[in-house]
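Down below is the structure, laid out as structure tokens.
Residue numbering restarts at 1 for every chain, and letters A, B, ... go by the order of the sequence lines. FYI, side chains are in, hydrogens and waters are out, and symmetry mates aren't considered; it's all heavy atoms of this structure.
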Protein chains: 2
Amino acid sequence: MSGIHEVARRAGVSASTVSNVINGRHDKMRPETKRRVLEVIEQLKYTPNIAARQLKLGQNQSLGLIIPSVANPFWGLVAHHVERAARQRGYNLLICNAERDPNVETHYAEAMLSSGITGIILGSSPLSFDYLRDVTARGLKVAAFDQRVDQAKDVITCGVSVDQELGGMLAAQHLIGLGHKRIAMVSGPIKTKSRIGRRNGVKMAMARAGLQLPDDMVWQGGDVVGFGDLEGAELGRIGIRELLSRDDPPTGIVAINDMYALGAYAGARDLGFHIPGDISIVGFDDIILAEIAQPALTTIRQPVPAMAEMIVRMLIAEIEESGNAEDPSFINVTPQLIVRGSTNAVRELQNA
Amino acid sequence: MSGIHEVARRAGVSASTVSNVINGRHDKMRPETKRRVLEVIEQLKYTPNIAARQLKLGQNQSLGLIIPSVANPFWGLVAHHVERAARQRGYNLLICNAERDPNVETHYAEAMLSSGITGIILGSSPLSFDYLRDVTARGLKVAAFDQRVDQAKDVITCGVSVDQELGGMLAAQHLIGLGHKRIAMVSGPIKTKSRIGRRNGVKMAMARAGLQLPDDMVWQGGDVVGFGDLEGAELGRIGIRELLSRDDPPTGIVAINDMYALGAYAGARDLGFHIPGDISIVGFDDIILAEIAQPALTTIRQPVPAMAEMIVRMLIAEIEESGNAEDPSFINVTPQLIVRGSTNAVRELQNA
DNA sequence: TATGGCTTGTGTTACGTTTCACCAACGAAG
DNA sequence: CTTCGTTGGTGAAACGTAACACAAGCCATA
């Protein structure tokens, strides 16, 4: 309703002084003055107008987070930790849900930029960042979450990611170590950097063990449009059914993430397969439900709290000292294999 | 970078005209002029500074959504649909996660208000809205999601909710119809309107059938602090174990929501109970995973897409024509019982 | 008694937009 | 030839804040 001037008038001081009080320059006035101003602020329930402040300062204390899909609790967890990290440093967080659609992401990025946000975190790990060139050219800093960024350093200023390939390798090696030879993957379209990384990791681990991962053992969502985030569990269910209906069904499955894995549970049971007796399943992410599922899901854990902390720190550093431009600022963190009850030694005997 | 004046200069017109072009007042100029302005805008990649616009206009085109917890996919679904509905009407949506903490919610509400947002949707269904009096007095419109609002009409301007009591009744009646007599509830602290409603519904249905729901059959999270949203699944697991360890264990469980129900699956299995053979479980919400779970979860569905649509429509109406103040604008929608595999006729015989 | 330095402020300008009153030019009508 | 209305604009003020240069009062020192 009423601005800084009204407060100033009632406290008998100038607007500048009120501004100083608000912004913590307490050494510039007598305690008595400060007390009086604070009193009026309290009494009027005055809050600074953020739009005016932002207009004046040219930027605000907010970060943006663009996530692929709220349908996957993993991203809920990420949002939670990113927000906490941002808030600790005095930044607000705006969360958007873009379903990995470049147009929607561009729209949000534009909206954020013109609302004064200068840094966003992007979770969609697209194959190309070209569509963001416009906004980055106009000053928006983009941090990549969930993707190793080697090229496109002109667009992306920093990044944190679990080592996707290593994650894929860990999953596959675990199954191989249990004697599995026919290993398949269940995924939505493998058209993001992170998914490609995971797939390649599985492939590499298998190759090292003298095994193959033929394309038709990598189920990619059939004719789903988009990336299959919204319907992940459903796709996992359909995918594993198709794979298990083959003449040479796999004995081990690496799901592209835990939602697909949980869906795969349902699909395997639809066909009467027992987990882990008949089919072993490994997930990726380690969402809360992985531990609750029956059997508890063996999966690759991403250390989300630490990753969130890092990426927020790096992005804020980029924003606040946007001059050094030196350190590449790309961190790869190590995923961890969490062995639970959904994987078991293969029972080749019964097939022989 | 450069503002409306730079565009005006390059197009050889005044800033006012550029403003008119941007805001669609095309009848105020020649097509030729408009074309020239548009050309310069395109060429400069000019975007209006939202802060300045907002400062001038006093409010912006955004709605806020304060959700209890991103840890529960139900709220992810709500966020998704609310956002879609808002976007359709030209509004942006800011999503915040407040863990039902009145202080955090107040903080966010204040932040939103002072950033120009005039309408928020609140999902936490607290017992009292008093803590919001300040912000509503300063003009913030608050819509309640997930709660029937009878009092506090001075604070809350509109609301949409599933009929919580009816939902509870449907769940209990289903179990009663299957012959269950010892029915218990698993929940976090029953200290929100929605949870109280669900509990009362269960109680009423049981009373009508001549059954009792003693307090010690309503497990409320033990010594958990807060509302147990973050750890819902874990609490469900612990709670059902305590209930099933009693001398007179229940044969039917109504969980306060699907996350608790999924946790209850795990807890029942921990003790060797078979679902639904030994224990029947009913959830609430119908999240995606309810269908995927093994067995698929019998639950009470909330029609989220329709509810999101309604509440956004009502809130925007309140904002845009904030004068009529007439219609109460409280809608109760009907929940639906979805029978799946987690409930079964009681096997009293074996106990006898 | 000057001089300087500290303390405790104040006045003004600028941020980029929208809006509203105003205006020039021109054709039509009286 | 005047008056009027319409078309196609323009200029300036205002929104609420932060920053910067400046200043009044006062004390210590030379």
Donor-acceptor pair (no angle test) under 3.5 Å: A:K56 side chain, D:dA19 base: no

Quiz item: A:S16 side-chain donor-acceptor pair to D:dA18 base, under 3.5 Å: no

Verdict with reasoning, A:E32 to A:R35, per salt bridge (charged side-chain N to carboxylate O under 4.0 Å, His left out): CA-CA 5 Å; A:E32 154 65 13; A:R35 194 191 53 70; 3.3 Å; yes

[X] side chain near [N] phosphate (N/O to OP1/OP2, under 4.0 Å):
| X | N | result |
| --- | --- | --- |
| A:N20 | D:dA18 | no |
| B:R30 | D:dG9 | yes |
| A:R53 | C:dC15 | no |
| A:T17 | C:dG9 | no |
| B:R25 | C:dT19 | yes |
| B:N49 | C:dC15 | no |

Rounded to whole angstroms, how far apart are [atom1] on [X] and [atom2] on [N]?
| X | N | atom1 | atom2 | answer |
| --- | --- | --- | --- | --- |
| A:Q54 | D:dT17 | CD | C1' | 12 Å |
| A:R9 | C:dG9 | CZ | P | 19 Å |
| B:K28 | C:dA21 | NZ | P | 12 Å |
| B:I4 | C:dT18 | CD1 | P | 5 Å |

Anything under 3.5 Å between a donor and an acceptor, one on a side chain of residues 123-130 of chain B, the other on a protein residue two or more places apart or in another chain? List them.
unit_1: B:S124; atom_1: OG; unit_2: B:E105; atom_2: OE1; d: 3.2
unit_1: B:S124; atom_1: OG; unit_2: B:E105; atom_2: OE2; d: 2.8
unit_1: B:S125; atom_1: OG; unit_2: B:S194; atom_2: OG; d: 3.0
unit_1: B:S128; atom_1: OG; unit_2: B:D130; atom_2: N; d: 3.0
unit_1: B:S128; atom_1: OG; unit_2: B:D130; atom_2: OD2; d: 3.4
unit_1: B:D130; atom_1: OD1; unit_2: B:R133; atom_2: NH1; d: 2.4

Degree of bending in the helix from C:dT1-D:dA30 to C:dG30-D:dC1 once both end axes are built from five pairs, to 10°: 70°

Approximate separation, where rounding is to 0.5 Å, of A:L55 CG and B:R53 CZ: 13.0 Å

Contacts of type salt bridge (Lys or Arg N to Asp or Glu O under 4.0 Å), residue B:R313, not counting sequence neighbours: none

Shortest side-chain distance from A:L57, nucleotide among D:dT17, D:dA18, D:dT10: D:dA18

Which nucleotide in D:dG9, C:dT17, D:dT17 has an atom nearest any side-chain atom of B:Y46: C:dT17

A:R89 vs A:E309, salt bridge (charged side-chain N to carboxylate O under 4.0 Å, His left out): CA-CA, chis, key distance, verdict: CA-CA 10 Å; A:R89 291 172 173 72; A:E309 184 71 21; 2.9 Å; yes

Flag side-chain contact, heavy atom, 4.5 Å: A:I50 against A:N60: no

Whichever of B:R36 and A:V18 has its nearest DNA chain D nucleotide further upstream toward 5': B:R36

Sugar-phosphate only, base, or nothing, as touched by B:L55 at under 4.0 Å among non-hydrogen atoms: base

Pairing of B:E39 and B:R36 as salt bridge, 4.0 angstrom limit: no

